[in-house]
Amino acid sequence: MTNKLSSSERYLWDYIQENLNDIPDLSIVKLSEDANVSTATIVRTTKKMGYSGYTDFRQQLITKGKNNSQYQNLEKVDHDIKQAIFKNKYEVDNTLSMLNVGSIEDAVQKIRESTDIYIFARGFSEFIAQEMLVKLQLLGKNCVLSSDPNIIVTMSKRIKREALVIIISLNGETKELVTGAKNAFNNGVSTITITTNETSSIAKYSEMILLGYKSQTSYFPDYEVRSRLPLQVISRILLDSYVIRTKK
């Protein structure tokens with residue numbers, strides 16, 4: 001549904017989801033002031049998301065909160081901590097809703113058919129790549145991981161057509177990863193990209209894109225340390241699906 005939203009409406013929806021715990025107590029006027037958008041934008045956004053308006057959205061949120069016993073223990077938690085918990089829940093929920101089952105199935109078949117698998121990642125995405133590497137090796141796949149920029153660029157030029165490249169990148173704009181994806185593409189090598197940016201430079205050279213949701217909130221604003229939780233969720237679902245399919 002979010003693909004129907006304009007940029008201002010998407011900003012508002014992200015703002016609402018990242019402050020979900022406060023919404024039941026906010027009037028439409030107060031939300032308008034806090035989010036710095038017009039009340040008309042709020043009404044238009046909630047209608048596009050399947051509600052009759054902001055009042056309906058707010059009321060359903062209140063009702064859901066009362067009925068959702070698994071989160072009742074959060075009532076005693078500090079407000080800011082509660083916001084952090086719901087931020088992570090929102091990232092996972094949105095990532096799951098964005099996942100395309102057909103794409104997961106296609107990616108599983110690519111992994112099964114490939115003789116060799118190369119995983120490229122940089123920065124904090126390397127931790128996810130390392131987990132994928134170990135699991136694929138345990139499953140009997142010939143798999144190599146590289147996070148060194150020079151090696152990525154050089155290695156990607158030599159990869160054979162029968163192999164598979166998996167790139168893990170939050171924004172899909174890391175220079176050497178883009179170059180690696182382009183080199184693989186030029187050699188006719190299939191590339192699966194796990195990212196949160198569908199329109200990234202890497203996406204242009206990817207046969208398959210497994211897309212997650214990127215939150216706009218960061219608790220480390222002075223550093224480029226964004227949550228990789230959506231990428232982690234996708235990688236685990238992909239490998240779990242691979243195990244399920246190969247056992248049959």
Side-chain angles (χ1 to χ4, degrees), residues 1-3 5-15 17-18 84 87-100 103-104 106-107 110 117-133 145-156 159 164-186 189-239:
M1 279 188 170
T2 54
N3 59 352
L5 302 180
S6 67
S7 57
S8 60
E9 291 164 352
R10 187 182 294 273
Y11 157 77
L12 172 63
W13 190 248
D14 285 341
Y15 181 90
Q17 299 305 321
E18 290 168 9
K87 169 187 174 291
N88 285 280
K89 178 182 181 298
Y90 181 58
E91 283 188 356
V92 172
D93 288 348
N94 275 272
T95 295
L96 293 177
S97 68
M98 292 168 67
L99 275 180
N100 184 299
S103 296
I104 292 291
D106 290 343
K110 277 292 179 184
I117 298 174
Y118 297 83
I119 304 177
F120 297 150
R122 296 277 290 137
F124 283 93
S125 298
E126 294 174 34
F127 297 109
I128 301 170
Q130 185 65 45
E131 182 179 342
M132 288 194 75
L133 171 73
L145 163 64
S146 181
S147 58
D148 182 276
N150 294 322
I151 294 178
I152 288 172
V153 173
T154 303
M155 185 182 290
S156 61
I159 298 175
L164 172 68
V165 171
I166 299 176
I167 297 178
I168 305 173
S169 177
L170 190 67
N171 290 317
E173 296 293 347
T174 305
K175 184 178 177 181
E176 53 273 8
L177 294 180
V178 175
T179 302
K182 185 177 181 179
N183 289 340
F185 177 83
N186 289 337
V189 179
S190 295
T191 299
I192 298 172
T193 297
I194 301 176
T195 185
T196 59
N197 186 359
E198 190 174 19
T199 59
S200 65
S201 299
I202 289 178
K204 294 186 295 185
Y205 306 110
S206 302
E207 183 176 329
M208 283 172 275
I209 299 173
L210 302 181
L211 190 66
Y213 175 81
K214 179 183 177 182
S215 173
Q216 300 304 309
T217 302
S218 173
Y219 290 103
F220 300 88
D222 296 333
Y223 306 92
E224 185 50 42
V225 184
R226 293 279 180 176
S227 170
R228 263 70 176 177
L229 181 58
L231 307 185
Q232 183 81 54
V233 169
I234 293 171
S235 68
R236 290 190 175 186
I237 290 174
L238 175 59
L239 292 182

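Note that this is a predicted model, so its numbers are computed, not measured. These values consider heavy atoms only, across backbone and side chains, with no hydrogens, waters or symmetry-generated copies.
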Decide yes or no for [X] and [Y]: does some side-chain heavy atom of the first lie under 4.5 Å from some side-chain heavy atom of the second?
X	Y	answer
Glu91	Thr196	no
Leu96	Ile237	yes
Ile209	Ser103	no
Met132	Ile168	yes
Asp14	Tyr213	yes

Pick from Gln232, Arg228, Gln130: which one makes a side-chain contact (heavy atoms from CB on, under 4.5 Å) with Ser125? Arg228
Sequence neighbours excluded, which residues qualify as ring-ring contact (aromatic ring centres under 6.0 Å, His included) partners of Phe185? Tyr205
Should the heavy atoms of other residues, nucleotides or ligands under 6.0 Å from CD of Glu131 be counted, would the total exceed 12? yes
Can you see which heavy atom on [X] is nearest to which on [Y], and at what distance?
X	Y	result
Leu133	Ile119	N-CD1, 3.8 Å
Ile152	Arg122	CD1-CD, 4.1 Å
Ser156	Asn183	OG-ND2, 2.9 Å
Ala181	Ile167	CB-CD1, 3.5 Å
Pro230	Gly212	CB-CA, 4.2 Å

What's the spacing between [X] [atom1] and [Y] [atom2] if we round to 0.5 Å?
X	Y	atom1	atom2	answer
Gln17	Leu12	CD	CG	9.5 Å
Asn197	Asn171	CG	CG	6.0 Å
Phe120	Ile202	CZ	CD1	11.0 Å
Met208	Ser190	CE	OG	6.0 Å
Glu198	Leu211	CD	CG	5.0 Å
Ser169	Ile128	OG	CD1	10.5 Å

Determine whether a donor-acceptor pair (N or O, by modelled atom type, separation under 3.5 Å) exists between the side chain of [X] and the backbone of [Y].
X	Y	value
Glu18	Tyr15	no
Glu173	Ser200	no
Thr195	Leu170	yes
Thr154	Ile151	no

Output, in order, the C-alpha distance, side-chain angles, deciding distance and verdict of side-chain hydrogen bond (donor to acceptor under 3.5 Å, both in side chains) for Thr95 and Asp93. CA-CA 5 Å; Thr95 295; Asp93 288 348; over 6 Å; no
Who passes salt bridge (Lys or Arg N to Asp or Glu O under 4.0 Å) against Lys110, sequence neighbours left out? Glu207
